[in-house]
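Values reported hereafter were calculated over all heavy atoms of this structure, with side chains retained and with hydrogens, waters and symmetry mates removed. Letters A, B, ... mirror the listed sequences (proteins, then strands); counts begin at 1.
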There are 2 protein chains.
Amino acid sequence: MEYAEKVNYSPNPIALSLKENKSRAIGVIVPEIANHFFSQAINGIEDIANKRGYHVVIFQSHESYQREVTNIQHIIARKVDGLLISLSGQTNDVSHLQEIQQKKLPLVLFDRVSDKIEAHKVVADNFDGAFKATEHLILSGRRRIAHITSPSLLSITKERLMGYQVALEKHQIPYDESLVKYCGFEPEEAKKLIFNLINEQKPDAIFTTSDRLALDCFSAVKEQGILIPEELSFIGFTNLKVAHLLAPSLSTIVQPAFEIGQTAAELLLDSIERKQHHVEEFRTIKIPTEMVVRNSSQILLQNS
Amino acid sequence: MEYAEKVNYSPNPIALSLKENKSRAIGVIVPEIANHFFSQAINGIEDIANKRGYHVVIFQSHESYQREVTNIQHIIARKVDGLLISLSGQTNDVSHLQEIQQKKLPLVLFDRVSDKIEAHKVVADNFDGAFKATEHLILSGRRRIAHITSPSLLSITKERLMGYQVALEKHQIPYDESLVKYCGFEPEEAKKLIFNLINEQKPDAIFTTSDRLALDCFSAVKEQGILIPEELSFIGFTNLKVAHLLAPSLSTIVQPAFEIGQTAAELLLDSIERKQHHVEEFRTIKIPTEMVVRNSSQILLQNS
DNA sequence: TTGTAAGCGTTATCAA
DNA sequence: TTGATAACGCTTACAA
């Protein structure tokens, strides 16, 4: 012992891993790391993982189903102790995740989840956030509220659409499908779509679901010379600071990215550490969103 | 072989690591992951690392020297094959990095480097970027150009200040120390500092060096009712898209975050893979910045 | 060609 | 209490 102290001994974690058949590392797959929502979430994951003595190995799917599958194969080969994943915009089939479960690797989905798999899930309360955002616009007198959102496959898309629809219903505004636009991740796609939407549908409000889409809306509106907020009422966003500058009275639905990351990591590590003891029940945890109102009819919904 | 194929065999990377005494993982320490510059850089690192069969383990110093030292200890214990690091805003002493080198662990510093250590370094051409930004403001008729920048310890701060000074010198504008403000990472600090700067020094242009500082400048200027760009000429930034919305004619010095990440990773992996062969010479690679001019005197310098 | 054994650094187990 | 040994999964080297 004193000799160990003397030579500054620390056990070789690789040998330990081999012996104990665990790596004290968790894998994280996100669509894109250079995205405020996901980098915040990773922040939360790292926070918990470090506190509990785990390391975080990060993979990006770049919104591609193919890359997600490849990542999963790497994860399996790498022998991480567990996996946190937020699905790519293309992911429909989840057999790669089922493979993870067959290998008895603890798995937690966060933010972008899937109904097709039974596992722990941690999400924002997207329904509630979208409901509140839409109702806020309605209560400020808007009737033709457009909704520009993420690809239709994603769970977040469906949940938010539901919140939007239920809010309209509650206030007896008929649901108009032509006011809802799904938008992928190609830079040019959003711009075109938004231009057409504004010109053809003449909405009096837009409720978007990400940083990028909100910015594109602002661009389109500015370039078309439509005033904010007099003629159009807004919108969806991530960065409160930037939002505030763009339109000082803009309101926001804040997505709890950091908390989602923390909660997902807690769940995963708990699952890892009592893996052998008993079969556990799968839990879905909803983290509430918060509406920051800035005395106007403008609405932001945070990414992703 | 065919049996291996049949049972879908893949070698256990941990056993392999133990045997070959390498982990095929590289460590990355950044001040903050939820920062556009660093998440882009990590993107570049991941791009190269994955292509060459390595995994990326990420650590955050949260701008704290103490946490950076702790991270280094984890890195050493974790037996990664090499380390990429961008220094925290508090880091002055680099003995923790020297320890890494004594352990013969390949090391590459990127973006925020230090003169006190001999190692591979990959940086943006901050001098040139700052020179061009400042000169651009001067050529558009500005004389009292303020410079709001990062903590004075950082290499990026020094390099950019130098570019700013040399540009002033070239155009026979005396250097006025009271126009230069160093700003830390506390949210409230920037606001106060900028308010005082604008009120007391009455600059006719501000050249800042990060997203955050640029946003805070915009806030301050808006709240004080000073017009953009008539009375004040701008500024430093990261996100071109947002910048464009805030002030459509704003120009930008684009920081090559992705390329810095890629180059640093290439250098590190090369270093790892021919480690035993011969002692190598340390290289410092400067990646050029690009100025995006938008027909105005306004300047952006990208993060970080 | 095929097979066997040693060693990478641990820890747990069992024997002395 | 102390000490030797096996096993984790792999590769390399050498023997059959």
Side-chain angles (χ1 to χ4, degrees), chain A residues 1-27 49-57 59 70-83 99-107 268-269 271-278, chain B residues 1-27 49-57 59 70-83 99-107 268-269 271-278:
Chain A
M1 270 300 135
E2 62 199 41
Y3 178 74
E5 194 74 12
K6 194 179 128 206
V7 298
N8 214 317
Y9 170 85
S10 87
N12 179 331
I14 296 177
L16 249 166
S17 291
L18 183 60
K19 183 92 214 326
E20 298 181 4
N21 199 29
K22 61 185 177 197
S23 58
R24 292 195 85 76
I26 58 174
N50 285 355
K51 275 182 191 147
R52 294 178 58 166
Y54 284 76
H55 294 270
V56 177
V57 186
F59 299 79
T70 313
N71 283 338
I72 293 277
Q73 285 158 357
H74 275 106
I75 289 270
I76 291 173
R78 189 100 249 267
K79 295 254 146 97
V80 295
D81 293 346
L83 173 63
E99 199 179 332
I100 289 279
Q101 291 187 316
Q102 277 161 25
K103 292 224 176 348
K104 302 285 176 210
L105 206 56
L107 171 72
L268 183 71
L269 296 183
S271 188
I272 288 171
E273 285 171 5
R274 62 154 185 274
K275 191 163 43 178
Q276 47 278 71
H277 300 325
H278 53 83
Chain B
M1 270 299 133
E2 61 200 40
Y3 179 73
E5 194 74 13
K6 194 179 127 206
V7 297
N8 215 318
Y9 172 83
S10 85
N12 179 328
I14 295 178
L16 248 167
S17 291
L18 184 60
K19 183 91 211 330
E20 299 181 2
N21 198 28
K22 63 185 177 196
S23 59
R24 291 196 86 74
I26 58 174
N50 284 355
K51 275 181 191 147
R52 295 177 60 164
Y54 284 77
H55 294 271
V56 177
V57 185
F59 299 80
T70 313
N71 283 338
I72 293 277
Q73 284 159 358
H74 275 107
I75 289 271
I76 291 173
R78 187 101 251 264
K79 293 257 146 89
V80 294
D81 293 346
L83 173 63
E99 197 179 335
I100 289 279
Q101 290 187 317
Q102 276 162 23
K103 294 226 177 345
K104 302 285 176 211
L105 206 57
L107 171 72
L268 183 72
L269 296 183
S271 188
I272 288 171
E273 284 170 5
R274 61 154 185 276
K275 190 164 42 177
Q276 46 277 72
H277 300 326
H278 54 81

Q.
From CG of Leu18(B) over to P of dT11(C), roughly how many Å is that when rounded to an integer?
A. 13 Å
Q | Asp81(A) (side chain) donor-acceptor with Ser23(A) (main chain) under 3.5 angstrom | A | yes
Q.
What is the distance, to the nearest angstrom, from the CD atom on Glu20(A) to the P atom on dA6(D)?
A. 21 Å
Q.
Given dT11(D), dG9(C), dT11(C), identify the nucleotide with an atom nearest to the side chain of Lys19(B).
A. dT11(D)
Q. Taking CG from Leu16(B) and P from dC8(C), how many angstroms apart are they, rounded to a whole number?
A. 16 Å
Q) Any idea which heavy atoms bring Ala49(A) and Val56(A) closest together, and the distance? A) CB-CG2, 3.6 Å
Q: Check whether any side-chain heavy atom of Ile76(A) lies under 4.5 Å from a side-chain heavy atom of Glu99(A), and answer yes or no.
A: yes
(Q) Using whole Å, what does the distance between atom P of nucleotide dA6(D) and atom CG of Asn21(A) come to? (A) 21 Å
Q. To the nearest angstrom, how far is Lys79(B) atom NZ from dC8(C) atom P?
A. 13 Å
Q) Shortest non-hydrogen contact from Glu273(B) to Arg52(B)? A) OE1-NH2, 3.0 Å
(Q) Rounded to whole Å, how long is the line connecting atom CZ of Arg24(A) with atom P of dC8(D)? (A) 22 Å
(Q) Output the rounded distance in Å from CD1 (Ile14(B)) to P (dG7(C)). (A) 23 Å
